[in-house]
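Quick note on labels: first sequence line is chain A, next is B, and so on, each numbered from 1.
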There are 2 protein chains.
Amino acid sequence: MKVEEALQILKEHGYKYTGKREEMIRICAAEKRYLSAKDIMERIKEQYPTLSFDTVYRNISTFVELGILEETELEGEGRFRLACSADGHHHHHVICTECGKTSSLPGCPMNVMASVPEDFQVTGHKFEVYGTCKECVAQSN
Amino acid sequence: MKVEEALQILKEHGYKYTGKREEMIRICAAEKRYLSAKDIMERIKEQYPTLSFDTVYRNISTFVELGILEETELEGEGRFRLACSADGHHHHHVICTECGKTSSLPGCPMNVMASVPEDFQVTGHKFEVYGTCKECVAQSN
DNA sequence: CTTTAAATCGGATTTGTTCTGATTTGTTAC
DNA sequence: GTAACAAATCAGAACAAATCCGATTTAAAG
């Protein structure tokens with residue numbers, strides 16, 4: 001997803017434009033990486049030093065609801081990245097547990113592995129591979 | 001896994017036997033379901049009304065380390081169930097997001113979907129299907 | 001420009017979890 | 001069985017992530 005697309009989605013849903021929202025989206029767009037709310041706060045402080053964490057959290061959940069951000073959870077805290085499944089076709093990620101960097105995996109296990117018991121009404125699924133990326137492996141030596 | 005097995009594992013690793021530990025394991029063994037720390041506390045209070053949450057949390061993490069419990073995360077809190085992948089062969093679960101009930105899925109996407117980029121040093125993976133079980137669907141009507 | 005609802009602020013609050021220091025309990029050696 | 005020691009537990013303080021709240025500011029529509 002591109003920054004402009006994300007802003008368009010906000011507009012379409014009747015949300016107001018604010019520089020803070022745009023900047024948050026820009027920050028997420030700048031890295032193929034899951035960021036924590038704290039990471040985003042840190043980066044946005046350069047431009048908006050007084051931004052409150054309430055604003056960051058509230059906007060993040062708006063973005064997640066609208067499908068602008070994708071969410072996961074690492075070490076007990078929420079992590080976010082600009083949605084990319086929406087772009088082409090649905091896929092999953094390899095995630096570096098050190099730095100949050102991601103790499104796409106082709107395909108989805110739901111297509112390959114049938115046989116979900118029929119008495120479950122399926123609402124979603126998660127497939128994530130965890131590991132350490134090249135850079136983080138190097139750094140830990 | 002059976003309660004006796006779990007106690008055996010504790011013993012082998014030099015952990016002491018306590019009634020509280022056994023009861024915690026029994027509680028988890030009694031249900032094919034992910035329980036929160038709070039769920040476990042609630043159930044154990046019948047027998048050990050003064051048990052502190054510190055003890056519950058500490059024992060849970062010991063159990064997870066030893067592979068007695070499996071861990072996941074639902075709605076921002078840790079959930080636990082008696083390990084069953086260890087029993088037969090490795091597999092994954094469909095999980096009811098209402099009540100934590102689980103159902104096994106045969107196989108593992110890691111076997112089916114090769115192609116993890118080689119510059120990632122893989123340490124783990126998660127495949128979970130979420131939904132609402134028959135009972136919880138019925139209840140919400 | 002005025003109006004109004006949405007967004008933001010700043011700080012208090014809540015929730016899940018971990019830490020700390022004092023006390024109790026299982027286990028081992030006698 | 002008893003003594004001694006390390007591990008386990010207790011109670012509550014502390015912590016971190018996330019949410020809530022009332023007051024203020026701001027984007028956008030008329």
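- Here the P atom of nucleotide dT9(D) and the OH atom of Tyr17(B) are 11 Å apart, to the nearest Å.
- Here salt bridge (charged side-chain N to carboxylate O under 4.0 Å, His left out) pairs that include residues 48-60 of chain A, with residues two or more places apart or in two chains, are Asp54(A)-Arg58(A).
- Rounded to a whole Å, the CG atom of Leu10(A) is 15 Å from the P atom of dA27(D).
- For Ile25(B) and dA8(D), the CD1 to P distance is 13 Å, given to the nearest whole Å.
- Legend: residues meeting salt bridge (charged side-chain N to carboxylate O under 4.0 Å, His left out) with Arg21(B), ordered by chain and number and at least two apart, are absent.
- In this structure Lys101(B) satisfies the salt bridge (charged side-chain N to carboxylate O under 4.0 Å, His left out) test together with Glu135(B), sequence neighbours excluded.
- Within the structure, the side-chain hydrogen bond (donor to acceptor under 3.5 Å, both in side chains) test picks out the following pairs touching residues 41-51 of chain B (sequence neighbours left out): Glu31(B)-Arg43(B).
- Annotation: Gln121(A), atom CD; neighbour count of heavy atoms from other residues, nucleotides and ligands within 6.0 Å does not exceed 12.
- Regarding contacts with the backbone of dC9(C), a side-chain N or O of Thr55(A) is found under 4.0 angstrom from either OP1 or OP2.
- Considering only side-chain N and O atoms, Lys20(B) lies under 4.0 angstrom from the phosphate OP1 or OP2 of dC10(D).
- Atom CD1 in Ile60(B) sits roughly 16 Å away from atom P in dA8(D) (whole-Å rounding).
- In this structure, Leu82(B) CG and Ile68(B) CD1 are separated by 8.0 Å, a value rounded to the nearest 0.5 Å.
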5' to 3', nucleotides 12-20 of chain C under a 4.0 Å protein heavy-atom cut-off (B base, S sugar-phosphate only, - none) gives B---SBBBB
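- Between the axis at the start and the axis at the end of the helix from dC1(C)-dG30(D) to dC30(C)-dG1(D) there is an angle of 30°, using five pairs per end and rounding to 10 degrees.
- For Glu22(A), the salt bridge (charged side-chain N to carboxylate O under 4.0 Å, His left out) partners are Arg26(A), not counting sequence neighbours.
- If you take CG on Asn59(B) and NZ on Lys20(B), they are separated by 9.5 Å, rounding to the nearest 0.5 Å.
- Scanning for side-chain hydrogen bond (donor to acceptor under 3.5 Å, both in side chains) contacts around Glu23(A) gives an empty result, with sequence neighbours left out.
- For residues 115-127 of chain B, the set of pairs meeting the salt bridge (charged side-chain N to carboxylate O under 4.0 Å, His left out) definition, not counting sequence neighbours, is empty.
- Thr102(A) pairs with exactly one of Arg81(A), Arg79(A), His92(A), Lys32(A) by the side chain to side chain donor-acceptor pair (under 3.5 Å) rule, that one being Arg81(A).
- Note on ring orientation: taking the six-membered ring where Trp is involved, the planes of Tyr15(A) and His13(A) are tilted (angle from 30° to 60°).
- Among the heavy atoms of the strands lying under 4.0 Å from Ser52(B) is at least one base atom, whether or not backbone atoms are also near.
- Atoms CZ and CG, from Phe80(B) and Leu69(B) in turn, are 7.5 Å apart once rounded to the nearest 0.5 Å.
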Distances for protein N or O near nucleotides 5-7 of chain D N or O, under 3.5 Å:
{"unit_1": "dA6(D)", "atom_1": "N3", "unit_2": "Lys16(B)", "atom_2": "NZ", "d": "3.2"}
{"unit_1": "dA7(D)", "atom_1": "O4'", "unit_2": "Lys16(B)", "atom_2": "NZ", "d": "3.1"}

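- Note on Thr50(A): only backbone sugar-phosphate atoms sit closer than 4.0 angstrom, heavy atoms only; bases stay farther off.
- If you check residues 41-49 of chain A against DNA chain C, you find no residue with a heavy atom closer than 4.0 Å.
- Straight-line distance from the CG atom of Leu7(B) to the P atom of dT27(C): 11 Å, rounded to whole Å.
- For the side-chain hydrogen bond (donor to acceptor under 3.5 Å, both in side chains) test, residues two or more places apart in sequence or in another chain that qualify with Ser36(B) are Asp39(B).
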